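Inspection log for the structure reproduced underneath, given as structure tokens.
Below, chains carry the letters A, B, ... as their sequence lines are ordered, and counting in each starts from 1. Quick caveat, the model's predicted, so the values are computed rather than measured.
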Amino acid sequence: MNYIKELNEPQALAVQTVEGPVMIIAGAGSGKTRVLTYRIAYLIQKGVDPFNILSLTFTNKAAKEMKERIAKVVGITEARNLWMGTFHSVFSKILRAESDKIGFPANFTIYDSDDSKNLLKTIIIEMGLDDKIYKPNMVQNRISSAKNSLINAIAYKLNQDIQADDLEARRPKIGVIYEKYVMRCFKASAMDFDDLLLKTYELFHQYPDLLHKYQHRFKFVLVDEFQDTNFAQYAIIKQLSALYQNICVVGDDAQSIYAFRGADIGNILNFKKDYPELKTYKLEQNYRSTKNIVAAANSVIEKNKNQLEKIVWTDNSEGSKIQVIKATTDNEEGNFVAQSIFNFRMNHQLANKDFAVLYRTNIQSRAMEEALRRLNIPYRVYGGLSFYQRREIKDILSYLRLCVNHNDEEALKRIINYPARGIGKTTLDKIIVAAAENEISVWQVLENIKKLDIKLAPAIVKKIDEFRQLIHGFEIMIRQKNAFDAASFIASSSGLLKDLYSDKTPEGVNRYENVQELLNGIKEFTENNKDHSDGNFLPRYMEDIALLTDADKDEDDEKDRVTLMTIHASKGLEFPYVFVVGLEENLFPSQLSINSREELEEERRLFYVAITRAMQQLTFSFAQSRFKYGNLIHSDPSRFLHEVDESYLDFAHAGNQQRVFQGKKIESGGLNLNSYSIPAHSHLKKVSIASKSSTKGDPVGSFKAGLEVMHARFGKGKIVSIDGNGDSKMATIKFEKDGEKKLLLKFAKLQVVKD
DNA sequence: CCAAAGATTGTCACA
DNA sequence: CAATCTTTGG
């Protein structure tokens, strides 16, 4: 256990205190993953059976990575037996194992939020309600937060407060919609994401002996990212650890950013009330960022009232100040950021992957993408439309889903007429009505289409029967073949592949490729699970995939690209150079958040998360106007810019210096005009962005290939080639010591040695 | 039943 | 603006 020596004092205590309730408050960059890894390794080396350890993480990827790290300490065989995964994936496993207790088949489908929204929309229309009043999104949120508070449909209708709320909002029927929705999911043998929590809780609540079984099984419970757990998740953790009380939660209240989907920061703030015996350890030393960044982050987060006391500090170097870039429009902002990345990269010999651009909303990626593309800087956008949400992917998965679970109504609706087989909307509506009237699943209507008295033309009935037989044939196929063979067979003989292949537009080609990519994924799954009997069958694959997100998809992380993502998606990551863009009122903080202290504090925590991703250098940017709904709107700089102590900031000009130097005023609500003059000795001058003046003197024009030159850091070298124009003119130079490097002539300060 | 044109509406983050 | 939904005419 040599690794204990690698830890600082609170880290070591957090690793070695394994009995009883423990809370680890892990400041940003304080080595949390390390502590968690070693804690589990320590448990195992102390003789705890890995089978008895449950570790809940935020993403599947985090679980996988941690398992690998633990395997390095204790060996792969031990690590493999750990129960490790997201709440949703662990609970879905339990629910499948115990499904008979709650009347579901073990192969139940997991509806994603699109599926459940569609179902809600169907129900609302069926009930004759106006979907302008009962907006599916709104109804879905309402039901989701009820489930996250462990309020089922019956409780919802009985709860006076909720009913009063709904009545006042003139939406008294939400309870009824909820009830019907639950019934429809049940008939479809489907659960939504929230059900995985609610039903796990209810299962344990209803069957104490079963709870007991799992309490014994999970003698040690660890929860990562505890600040982002919701009421239901916390309730289940409490149930599970009630017997042994070996519960360890890890988190940082300052990074709680998921209240919008039900996360309750109160769980971490009030944890001690539930466990008076609690031992708390605070990891306050930051190993990630410079002093300047840590201090700036602290100066922001201290504005929040609702937080646990802690002092994050660092031994790292001072670092540079935070650059602030002002742009006139969102497009200009993109150009400045791209140019700035280009300059930093050339000036400091950095890789693209050292950079991240973080934004509040996904739409902001577009301006950034365009600008980066213009400068030929490779990038990768995370988030946005998920791979699994793409039309063609959902289509093919719907075929697979329907084969695994015939009752899956949403899957059936999606594919019964795709590719077109003459079963249109009218027919489908009749079938769905028949299903609701007879209280059976939609599939069961298809099976009994002749017996049921539905007014359908014989030709249509024949088509429906053909569809039913098609799916039935696939089902038999699934039992006989492995996941890949079955899936590729289904993809082609359903006609789906052919349909996609016939579309030769760029989008069509892309769709076809996406389906191929999915099939490749299934192939990989099949290969990986060859040895397990039945382990490579399609139903097993379908269980895995429902809870996967893009973050879990294996990507070629090797490629050297700039990262573009939302701040939410950046949680837990770090980058040497970080740009936080769009720092404008009504965007960040979001317009929807500025009316309540709680929501504003969450936005501030989000800002804190953004700042603390940076290791070396941080840059803020904002635009004075940006496009929204197609028209240009004026934006004021974010209040958050004022909240960072000014001594940590450096105000650079993003272009239009002339304007400021000519004394033109910045619109009211802007930052102090004086802050915008460049301090005479600022290093920013050297990296000043897109300054047009420097093209004039052109110190870069006289270099050409073949010249022998001298560089301050790399020594003697020979110019291989020159590319680009103006400020972005750069030279590929072969240095005697370090080999070939690309340098921006503007910064390289080369001296000619010999012609 | 389907394709194309026209109208609408929303955008905050996500497992 | 752009994606999605609705209407219309064939």
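The nucleotide range of DNA chain C contacted by chain A, defined by atoms under 4.0 angstrom from heavy atoms of the protein and reported 5' to 3', is C/dC1 to C/dC5.
Between A/Phe104 and A/Phe108, the two ring planes are perpendicular [angle over 60°; tilted spans 30° to 60°].
Among the protein residues, A/Lys121 comes within range of the sugar-phosphate backbone only, with heavy atoms under 4.0 Å from sugar or phosphate atoms but none that close to a base. Within the 4.0 angstrom heavy-atom criterion, no nucleotide atom of any strand lies near A/Arg421. Note on A/Thr426: only backbone sugar-phosphate atoms sit closer than 4.0 angstrom, heavy atoms only; bases stay farther off. Contact annotation for A/Asp112: no contact, since no heavy-atom pair falls under 4.0 Å across all strands.
Close to B/dA15, at under 4.0 Å from its OP1 or OP2, lies no side-chain N or O of A/Ser113.
In this structure A/Glu466 satisfies the salt bridge (Lys or Arg N to Asp or Glu O under 4.0 Å) test together with A/Lys462, sequence neighbours excluded. For A/Ala190, the side-chain contact (heavy atoms from CB on, under 4.5 Å) partners at least two apart in sequence or on another chain are A/Thr109, A/Tyr111, A/Ala188. Judged as a side-chain contact (heavy atoms from CB on, under 4.5 Å), and not counting sequence neighbours, the contacts of A/Glu599 are A/Ser593, A/Ser596. For A/Gln307, the side-chain contact (heavy atoms from CB on, under 4.5 Å) partners at least two apart in sequence or on another chain are A/Asp253, A/Ile301, A/Asn304. The ring-ring contact (aromatic ring centres under 6.0 Å, His included) check on A/Phe588 picks up A/Phe607, A/Phe640, with sequence neighbours excluded. Qualifying side-chain contact (heavy atoms from CB on, under 4.5 Å) partners for A/Arg597, counting only residues two or more places apart in sequence or in other chains: A/Lys305, A/Glu601.
B/dC14 atom P lies 15 Å from atom CD of A/Glu225, rounded to whole Å. A straight line from CG of A/Asp195 to P of B/dA15 spans 18 Å, rounded to a whole angstrom.
Applying the side chain to side chain donor-acceptor pair (under 3.5 Å) test to pairs two or more places apart or on separate chains, those with a residue in residues 119-130 of chain A are A/Thr122-A/Lys413, A/Glu126-A/Arg184.
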Legend entry - Summary of protein contacts for nucleotides 3-13 of chain B, nucleotide by nucleotide, where a base hit scores B, a sugar-phosphate-only hit scores S (4.0 Å, heavy atoms): ------SBBBB
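Across C/dT4 and B/dA13, the matching P atoms stand 14 Å from one another, rounded to whole Å. Between C/dT6 and B/dT11, the distance separating the two P atoms is 16 Å to the nearest Å.
Each of A/Phe260, A/Phe58, A/Tyr359 was compared with A/His568 under the ring pair (Phe, Tyr, Trp, His ring centres under 6.0 Å) criterion, and only A/Phe260 meets it.
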